Amino acid sequence: MVKIAPSILAADFTSLKEDIVSVENAGADMIHVDVMDGHFVPNITIGPLIVEASRRSTSLPLDVHLMIEQPEAFIPAFVQAGADMVTVHAETCPHLHRTIHLIKEQGAQAGVAINPHTPIEGLKHVLEDIDLVLLMTVNPGFGGQSFIHGVLEKISSVEKMAADVNKNLWIEVDGGIDQETAALCKQAGANLLVAGSYVFKHDDRREAIERLRG
Ligand code: DX5
Ligand code: ZN
């Protein structure tokens, strides 16, 4: 069954704990945390301090998405702050295999994210080492952008790549996910859906999560 991870990027940070608790009570499976550094992406968001505050707000797993350069320098701090899953962008990691193992040594599940234009082929060489592949369905940096349909074929290809080697893998999609695009992603093979605006801007968050789950 598909899992739903609301992104707190779309939450109200004056009442972050209430917003996290509200999506937990509405049936969310994980909390997605978007970390941006103003270098890899044209926006700055949050650091380990907010991850630690989120950790104290919920018992749900924290799915931390690092959109930062040189993530190795910060991985221990994010895991210590309470990240259960840490995802780095392949585009920021010249020594991706080493970075993945750093995440695992710290005690978190390891994920690799790729931008919409990045080919999936490189993932094959680290597939056995990772727990999660995150396929960006927008250009990372902001919430509320439109879904890029061209990524759908990459979802199917990653699913096939994993099935070919009998690998149990989270196939996560992130950006522009609503009821309609969620259905397309699930059909293509995604099993973990991130949604920011669609969940947090919805009056009835339980209904929003149920619609994404389908
Ligand atoms: C984009 C972030 C996404 C974003 C999704 O760079 O990685 O997680 O918060 O927001 P929506 O669902 O509003 O597109
Ligand atoms: Zn994200």
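Residue numbers count from 1 along this sequence. Quick caveat: nothing in here was measured; it's all calculated off a predicted structure. Both counts, for ligands and for their atoms, begin at 1 and track the order of listing. Just so you know, these numbers use all the heavy atoms, side chains as well, and skip hydrogens, waters and symmetry mates.
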Name the closest protein heavy atom to [atom], giving the residue it belongs to and the distance to 0.1 Å.
atom	result
atom 13 (O) of ligand 1	Ser197 OG, 2.3 Å
atom 6 (O) of ligand 1	Gly141 N, 2.8 Å
atom 10 (O) of ligand 1	Gly143 CA, 3.6 Å
atom 9 (O) of ligand 1	Asp34 OD2, 2.8 Å
atom 12 (O) of ligand 1	Gly196 N, 2.8 Å
atom 14 (O) of ligand 1	Gly176 N, 2.8 Å

Check your understanding: Which atom, among the N/O/S set of His65, is closest to the Zn ion (ligand 2)?
Key ->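 The atom in question is ND1.
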
Point to revise | Name of whichever N/O/S atom of Asp34 is nearest to the Zn ion (ligand 2) | key: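 In Asp34, the heteroatom (N, O or S) nearest the Zn ion (ligand 2) is OD1.
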
Review point. Has ligand 1 got any nitrogen or oxygen that is less than 3.5 angstrom from a nitrogen or oxygen of Val194?
Key: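 Val194 vs ligand 1: no N/O contact under 3.5 Å.
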
Point to revise | Vertex the Zn ion (ligand 2), arms to His32 NE2 and Asp174 OD2, rounded to 10° | key: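 Output for this angle: 100°, rounded to tens.
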
Check your understanding: Of Leu184, Thr137, Ile120, which meets side-chain contact (heavy atoms from CB on, under 4.5 Å) against Val151?
Key ->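 Going through Leu184, Thr137, Ile120 one by one, the side-chain contact (heavy atoms from CB on, under 4.5 Å) with Val151 is satisfied by Thr137 alone.
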
Check your understanding: How close do Leu62 and Gly82 get, heavy atom to heavy atom, and via which atoms?
Key ->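 Minimum heavy-atom separation between Leu62 and Gly82: CD1-O, 3.6 Å.
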
**Study point:** Heavy-atom pair with the smallest gap, counting every atom of Thr118 and Lys154
**Key:**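 The answer is O-NZ, 2.8 Å.
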
Atom indices of ligand 1, in the order listed, that fall short of 4.0 Å to a heavy atom of [X]:
X	answer
Ala195	12 (O)
Gly175	14 (O)
His65	7 (O)
Met67	6 (O), 7 (O)
Pro140	6 (O)
Leu9	9 (O)
His32	8 (O)
Asp174	2 (C), 3 (C), 4 (C), 5 (C), 7 (O), 8 (O)

Point to revise | Transitive ILVMFWY side-chain link Val64 to Leu132, under 4.5 Å | key: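 Per the 4.5 Å side-chain linkage, Val64 and Leu132 are not co-clustered.
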
Check your understanding: Looking only at heavy atoms, is any part of Ser7 under 4.0 Å from ligand 1, and if so is it the side chain, the backbone, or both, or is it neither?
Key ->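 It is the side chain that gets close, since no backbone atom is under 4.0 Å.
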
Exercise for review: Please work out whether any backbone atom (N, CA, C, O) or any side-chain heavy atom from C-beta onward of Phe142 is under 4.0 Å from ligand 1, and answer side chain, backbone, both or neither.
Suggested key: backbone

Exercise for review: To the nearest 0.5 Å, tell me how far Ile130 CD1 sits from His97 NE2.
Suggested key: 11.0 Å

**Study point:** Rounded distance [0.5 Å steps], CE in Met161 versus CD1 in Ile171
**Key:** 10.0 Å

Check your understanding: Using a distance-only test with no angle check, is there a side-chain donor-acceptor pair under 3.5 angstrom linking Asp34 and Ser7?
Key -> yes

Practice item. Determine whether the side chains of Thr58 and Glu24 contain a donor N or O and an acceptor N or O closer than 3.5 Å. Key: yes

Practice item. In plain terms, say whether Asp19 and Arg205 are close enough for a salt bridge, that is, a side-chain N and a carboxylate O under 4.0 Å apart. Key: yes

Review point. Looking only at heavy atoms of Ala10, does any of them come nearer than 4.0 Å to an atom of ligand 1?
Key: no

Review point. So Asn43 and Thr45, side-chain contact (heavy atoms from CB on, under 4.5 Å) or not? Walk me through it.
Key: CA-CA 7 Å; Asn43 194 7; Thr45 56; 4.1 Å; yes

Check your understanding: Given the side-chain rings of Phe200 and His202, with only the six-membered ring counted for Trp, is the space between their centroids under 6.0 Å?
Key -> no

Exercise for review: Step by step, work out the salt bridge (charged side-chain N to carboxylate O under 4.0 Å, His left out) result for Asp29 and Arg213.
Suggested key: CA-CA 11 Å; Asp29 300 294; Arg213 228 187 273 286; 2.9 Å; yes

Review point. Using the ring of each side chain (for Trp, its six-membered ring), is His89 parallel, tilted or perpendicular to His65, with breaks at 30° and 60°?
Key: parallel

